[in-house]
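All chains are named by letter (A, B, ...) in the order of the sequence lines, taking the proteins before the strands, and each is independently numbered beginning at 1.
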Amino acid sequence: QQQVKQSPQSLIVQKGGISIINCAYENTAFDYFPWYQQFPGKGPALLIAIRPDVSEKKEGRFTISFNKSAKQFSLHIMDSQPGDSATYFCAASFARRTSYGKLTFGQGTILTVHP
Amino acid sequence: NAGVTQTPKFQVLKTGQSMTLQCAQDMNHNSMYWYRQDPGMGLRLIYYSASEGTTDKGEVPNGYNVSRLNKREFSLRLESAAPSQTSVYFCASSTGTGSYEQYFGPGTRLTVT
């Protein structure tokens with residue numbers, strides 16, 4: 001049972017373009033939505049995260065858009081650079097103490113930015 | 001700080017062999033996690049430890065056991081390896097409360113033949 005569905009599986013973008021990755025979740029009790037970035041041979045690392053009380057969060061070139069009614073959230077990478085080439089995972093969790101930070105991950109998107 | 005460390009980096013096992021994957025963190029985190037990463041499946045939680053002395057099953061616990069040896073160390077054991085356990089295994093840690101950021105180790109690539 002996949003509670004977080006991510007698309008596309010892979011994405012190719014030209015340098016300077018906008019990369020968009022989408023995720024949909026099923027459990028309406030989720031209330032913390034992070035994105036993780038993973039470079040080849042490395043472990044994932046937190047990129048940006050959002051709580052459902054806001055519809056958008058921006059950090060530099062990275063923006064999360066959140067649509068609570070549609071149960072969807074997306075990652076936008078503006079001015080994509082070759083150094084952004086990596087695998088991106090969306091995730092969801094319950095932001096309360098008894099969840100102990102357990103994450104449910106999407107399937108991942110391999111982003112390639114061509115120079 | 002080394003963060004989260006994992007050993008070994010690579011391992012090849014024959015079906016039926018056993019092994020233990022080691023994980024340690026030096027960030028004084030309460031919670032630790034074991035994930036497996038398979039193509040097209042994302043990361044799936046195998047077991048987690050909310051705090052020292054406690055462990056609980058995640059999404060895919062069958063065929064695995066864990067030990068939270070102390071606050072720093074959390075090991076994953078495969079008692080009788082199967083080809084279906086060929087995967088990349090990641091250990092992660094977090095404070096468990098307040099901040100929900102998880103810090104991941106570099107991973108162990110395991111092949112079972």
Side-chain angles (χ1 to χ4, degrees), chain A residues 1-11 21-27 30-52 57 59 64 75 86-110, chain B residues 2-7 9-10 21 23 25 27 29-61 68 74 87-109:
Chain A
Q1 179 186 356
Q2 188 68 40
Q3 294 196 57
V4 178
K5 295 184 179 179
Q6 183 173 345
S7 62
Q9 275 194 314
S10 62
L11 181 62
I21 305 170
N22 301 299
C23 281
Y25 62 97
E26 298 173 6
N27 192 332
F30 286 140
D31 55 5
Y32 172 69
F33 302 91
W35 285 88
Y36 278 76
Q37 180 187 55
Q38 182 183 31
F39 292 107
K42 305 291 186 184
L46 180 66
L47 182 64
I48 186 173
I50 197 169
R51 299 283 181 98
K57 182 174 181 180
E59 290 184 2
I64 299 179
L75 175 69
T87 300
Y88 292 81
F89 294 97
C90 62
S93 182
F94 309 101
R96 55 179 179 265
R97 182 173 182 170
T98 53
S99 76
Y100 303 112
K102 289 184 294 179
L103 291 170
T104 299
F105 283 90
Q107 297 93 327
T109 296
I110 300 172
Chain B
V4 179
T5 57
Q6 292 183 236
T7 56
K9 288 192 187 319
F10 302 93
L21 281 65
C23 174
Q25 52 91 10
M27 296 174 283
H29 283 167
N30 294 314
S31 299
M32 297 184 74
Y33 316 83
W34 276 105
Y35 293 91
R36 59 177 290 172
Q37 182 177 7
D38 303 290
M41 302 290 288
L43 291 107
R44 293 180 292 170
L45 184 64
I46 304 171
Y47 271 92
Y48 70 100
S49 171
S51 60
E52 184 179 355
T54 68
T55 61
D56 275 295
K57 295 178 180 179
E59 182 185 352
V60 289
R68 182 76 182 266
F74 187 38
S87 187
V88 181
Y89 291 86
F90 288 99
C91 176
S93 71
S94 77
T95 60
T97 58
S99 168
Y100 302 94
E101 178 174 1
Q102 291 191 14
Y103 296 80
F104 284 79
T108 295
R109 183 173 294 274

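Looking only at side-chain heavy atoms (C-beta outward), F90(B) and Q38(A) come within less than 4.5 Å of each other. With a 4.5 Å cut-off on side-chain heavy atoms, Y103(B) and L46(A) do not count as touching. Annotation: side chain of Q37(B) is in contact with side chain of F89(A) (closest heavy-atom distance under 4.5 Å).
The structure places NZ of K102(A) at 3.5 Å from OH of Y48(B), a figure rounded to the nearest 0.5 Å. Rounding to the nearest 0.5 Å gives a distance of 12.5 Å between OG1 of T104(A) and CZ of R44(B).
Looking at L103(A), the atoms closer than 4.5 Å to chain B (heavy atoms on both sides) sit in the backbone and in the side chain alike. Contact annotation for Q6(B): neither backbone nor side-chain heavy atoms come within less than 4.5 Å of a heavy atom of chain A. Neither the backbone nor the side chain of Q6(A) has a heavy atom closer than 4.5 Å to any heavy atom of chain B. Residue contact with chain A, scored on non-hydrogen atoms closer than 4.5 Å, involves the side chain of L45(B) exclusively.
Taking P44(A), G43(A), P34(A) one by one and counting their heavy-atom pairs under 4.5 Å with chain B, the maximum is reached by P44(A).
Between the side chain of Y36(A) and the main chain of Q102(B), a donor-acceptor pair closer than 3.5 Å is present.
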